[in-house]
Amino acid sequence: RPRVLSGMQPSGDSLHLGNYLGALVNWVKTQDDYQALFFIPDMHAITVTQDPEELRRRTRKTAAQYIAGGIDVEKSTLFVQSHVPEHAQLAWVLNCITGFGEASRMTQFKDKSAKGGQDMASVGLFTYPVLMAADILLYRPQGVPVGDDQRQHVELARDLAKRFNHRFGDTFTVPEAFIQKEGARIYDLQNPTAKMSKSASGPNGLINLLDDPKVTAKRIKSAVTDTGTVIAHDRENKPGVSNLLEILSTLTGKAVPTLVEEYEGKMYGHLKVDVADAVVSRIEPIRKRTLELLDDPAELDALLAHGAAKAREIAAVTLADVYAKVGFLPPV
Ligand code: TYM
């Protein structure tokens with residue numbers, strides 16, 4: 001079976017609605033047709049400062065949310081990045097075929113380092129996309145289901161795969177980003193021209209999977225809408241209303257134009273109430289299940305250990321191939 005692989009950073013206290021609709025929903029759909037691997041990139045998380053105890057807690061919590069959101073550990077392989085040392089080992093080799101200028105052009109580094117100044121940014125943050133390429137290429141997947149903001153990173157993984165194959169002979173599969181049309185970019189509720197983001201959105205702009213449903217409903221009902229009264233999809237002039245329509249479309253499976261027809265003559269308030277209901281009824285069971293799973297951390301840790309063992313079987317084969325191709329002397 002063809003393979004897919006993806007991951008989400010354990011950097012916040014909860015996954016948000018963008019992570020869920022942009023990525024997790026699509027991961028769940030791949031599980032029947034692909035051999036799917038989903039992991040928690042804890043090594044990516046430490047490219048910015050983390051509290052060690054928090055990071056451990058959030059890594060488990062992220063795993064629990066994957067499962068609660070529909071990842072079936074019988075079908076898919078679920079693991080933690082740092083449990084599979086081959087990720088860091090392959091990243092080193094890929095660092096050595098990545099151009100300094102090429103890495104400098106990655107927009108995420110530019111954005112994140114712009115905030116604190118380049119001198120404050122770590123070398124880890126700079127080389128972050130190369131580690132991500134290693135995550136992907138190690139498993140030779142056909143597809144990488146992600147939201148729109150990861151497109152450039154998957155593109156780098158493709159470039160590095162082609163470059164390595166060209167230089168050392170066919171080794172890697174050139175992966176494709178699997179980006180769904182709907183939900184690929186969910187926007188901040190208070191600032192609907194910026195994407196919803198753990199690090200950049202203020203609390204009222206974010207919908208967290210693990211928030212109290214009352215808080216979630218309230219945030220949606222106080223989302224920034226636009227001047228005028230007509231419910232229409234227009235990203236340029238009505239970014240707030242358009243975001244709500246897209247969220248509702250992803251959750252109900254109804255196309256945006258159908259929704260626009262249904263809301264003809266209705267007010268923004270009606271739309272907000274319906275979006276709030278749709279979001280809450282979808283994420284409330286996920287929240288409950290996550291909390292249940294977190295009651296038994298030993299069980300979660302055992303699942304993750306099992307997943308890492310399965311992942312290593314694949315990763316070790318690729319790494320051995322790479323080490324041989326670049327000319328490393330095999331240990332006897
Ligand atoms: P991360 O943790 O920022 O996001 C996880 C996933 O959620 C998607 N996403 C969104 N989708 C729609 N609207 C939004 N507002 C929104 N915000 C986030 C992201 O596109 C992503 O799919 N670098 C990755 C983690 C990673 C990875 C990998 C992913 C590390 N190694 C290998 C795939 C393959 C990241 O930081 O995603």
Side-chain angles (χ1 to χ4, degrees), residues 3-28 30 36-48 58-59 61-62 65-66 69 71 79-82 84 87-88 90-91 94 106-109 111-112 124-125 127-158 160-161 175-201 205-209 239 243 246-247 250-251 311 315:
R3 243 178 230 156
V4 290
L5 167 127
S6 200
M8 310 211 202
Q9 289 208 58
S11 46
D13 226 2
S14 166
L15 297 179
H16 60 67
L17 192 64
N19 299 140
Y20 178 67
L21 296 178
L24 191 50
V25 165
N26 304 323
W27 296 5
V28 172
T30 61
L37 297 116
F38 301 113
F39 72 104
I40 296 133
D42 54 346
M43 289 158 64
H44 278 106
I46 65 161
T47 56
V48 296
R58 288 171 170 176
T59 299
K61 220 172 185 182
T62 306
Q65 288 172 92
Y66 286 7
I71 298 307
F79 66 99
V80 176
Q81 186 184 33
S82 63
V84 182
H87 288 245
L90 179 60
L94 296 179
M106 294 283 122
T107 51
Q108 183 181 282
F109 178 75
D111 293 348
K112 286 200 180 171
L125 186 64
T127 189
Y128 174 118
V130 181
L131 177 60
M132 177 161 161
D135 298 337
I136 298 170
L137 299 181
L138 256 186
Y139 299 93
R140 298 172 162 139
Q142 276 70 22
V144 186
V146 284
D148 182 59
D149 61 344
Q150 297 299 315
R151 197 184 286 276
Q152 192 189 35
H153 289 154
V154 179
E155 202 52 49
L156 178 72
R158 289 170 58 84
L160 294 178
E176 257 177 64
F178 285 179
I179 299 174
Q180 222 74 6
K181 262 213 313 275
E182 279 84 34
R185 192 171 276 258
I186 302 296
Y187 294 85
D188 185 317
L189 296 178
Q190 289 299 317
N191 179 16
T193 52
K195 71 170 183 185
M196 188 178 284
S197 144
K198 274 173 276 208
S199 50
S201 297
L206 260 180
I207 297 298
N208 289 312
L209 298 191
N243 191 33
E246 284 166 30
I247 292 171
T250 325
L251 287 169

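Here the structure is a predicted model, which means the values were calculated and not measured. First listed ligand is number 1; within each ligand, the first listed atom is number 1.
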Going by the order shown, which atoms of ligand 1 are within less than 4.0 Å of some heavy atom of [X]?
| X | result |
| --- | --- |
| V144 | 33 (C), 34 (C) |
| M196 | 14 (C), 15 (N), 17 (N) |
| H16 | 16 (C), 17 (N) |
| F39 | 28 (C), 31 (N), 32 (C) |
| A23 | 6 (C), 7 (O), 22 (O) |
| G7 | 25 (C), 26 (C), 27 (C), 29 (C), 33 (C) |
| G183 | 12 (C) |
| H44 | 30 (C), 31 (N) |

How about [X] and [Y]: do any of their side-chain heavy atoms sit closer than 4.5 Å?
| X | Y | result |
| --- | --- | --- |
| V144 | Q150 | no |
| M106 | Q152 | yes |
| I207 | L189 | yes |
| Y66 | V28 | no |
| P141 | L37 | no |
| V146 | V154 | yes |
| L21 | L251 | yes |
| Q65 | S14 | yes |

Answer yes or no for [X]: is there a heavy-atom contact with ligand 1 below 4.0 Å?
| X | answer |
| --- | --- |
| A157 | no |
| S197 | no |
| Q81 | no |
| Y187 | no |

Subject >> Of all pairs that satisfy ring pair (Phe, Tyr, Trp, His ring centres under 6.0 Å), the ones with a partner from residues 133-154, not counting sequence neighbours >> reply: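 Only F79-Y139, H87-Y139, Y128-H153 qualify under ring pair (Phe, Tyr, Trp, His ring centres under 6.0 Å).
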Original post:
Quick one: OG on S201 to CD1 on I186, what's the gap to the nearest 0.5 Å?
Top reply: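 Atom-to-atom, S201:OG and I186:CD1 are 12.0 Å apart.
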Original post:
Between CZ of R140 and CZ of R3, what distance do you get to the nearest 0.5 Å?
Top reply: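 With rounding to 0.5 Å, CZ (R140) is 8.5 Å from CZ (R3).
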If you take the nearest heavy atom of each of [options], which one is closest to [atom]?
| atom | options | result |
| --- | --- | --- |
| atom 13 (N) of ligand 1 | T250, I186, L131 | I186 |
| atom 37 (O) of ligand 1 | H87, K195, Q150 | Q150 |
| atom 36 (O) of ligand 1 | F38, F178, Y128 | Y128 |

Taking [atom] as the reference point, the nearest protein heavy atom with its distance:
| atom | answer |
| --- | --- |
| atom 9 (N) of ligand 1 | N19 ND2, 3.8 Å |
| atom 31 (N) of ligand 1 | D135 OD2, 2.6 Å |
| atom 2 (O) of ligand 1 | Q9 N, 2.9 Å |
| atom 33 (C) of ligand 1 | S6 OG, 3.5 Å |
| atom 12 (C) of ligand 1 | A184 O, 3.1 Å |

Identify every side-chain donor-acceptor pair in residues 178-185 under 3.5 Å, counting partners at least two apart or on other chains, and give the distances.
unit_1	atom_1	unit_2	atom_2	d
R185	NE	D148	OD2	3.0
R185	NH2	D148	OD2	3.1

Original post:
When you check the side-chain N and O atoms of D42 and T59, is any donor under 3.5 Å from an acceptor?
Top reply: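 T59 and D42 do not have a side-chain donor-acceptor pair below 3.5 Å.
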Original post:
With backbone taken as N, CA, C and O and side chain as the heavy atoms from C-beta onward, which portion of I136 lies under 4.0 Å from ligand 1: side chain, backbone, both, or neither?
Top reply: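 For I136, the contact with ligand 1 is made by the side chain alone.
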**OP:** Tell me which part of R185 gets within contact of ligand 1: side chain, backbone, both or neither, using heavy atoms under 4.0 Å.
**Re:**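 Under 4.0 Å from ligand 1, R185 contributes backbone atoms alone.
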Contact (N/O only, under 3.5 Å) between [X] and ligand 1:
| X | answer |
| --- | --- |
| D149 | yes |
| G147 | yes |
| G18 | yes |

**OP:** Can you see which heavy atom on A161 is nearest to which on L137, and at what distance?
**Re:**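 What the structure gives for the nearest pair is CB-CD2, 3.8 Å.
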Original post:
Can you name the nearest heavy-atom pair linking D188 to G205, along with the distance?
Top reply: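 Smallest heavy-atom distance, with atoms named: OD1-CA, 3.0 Å.
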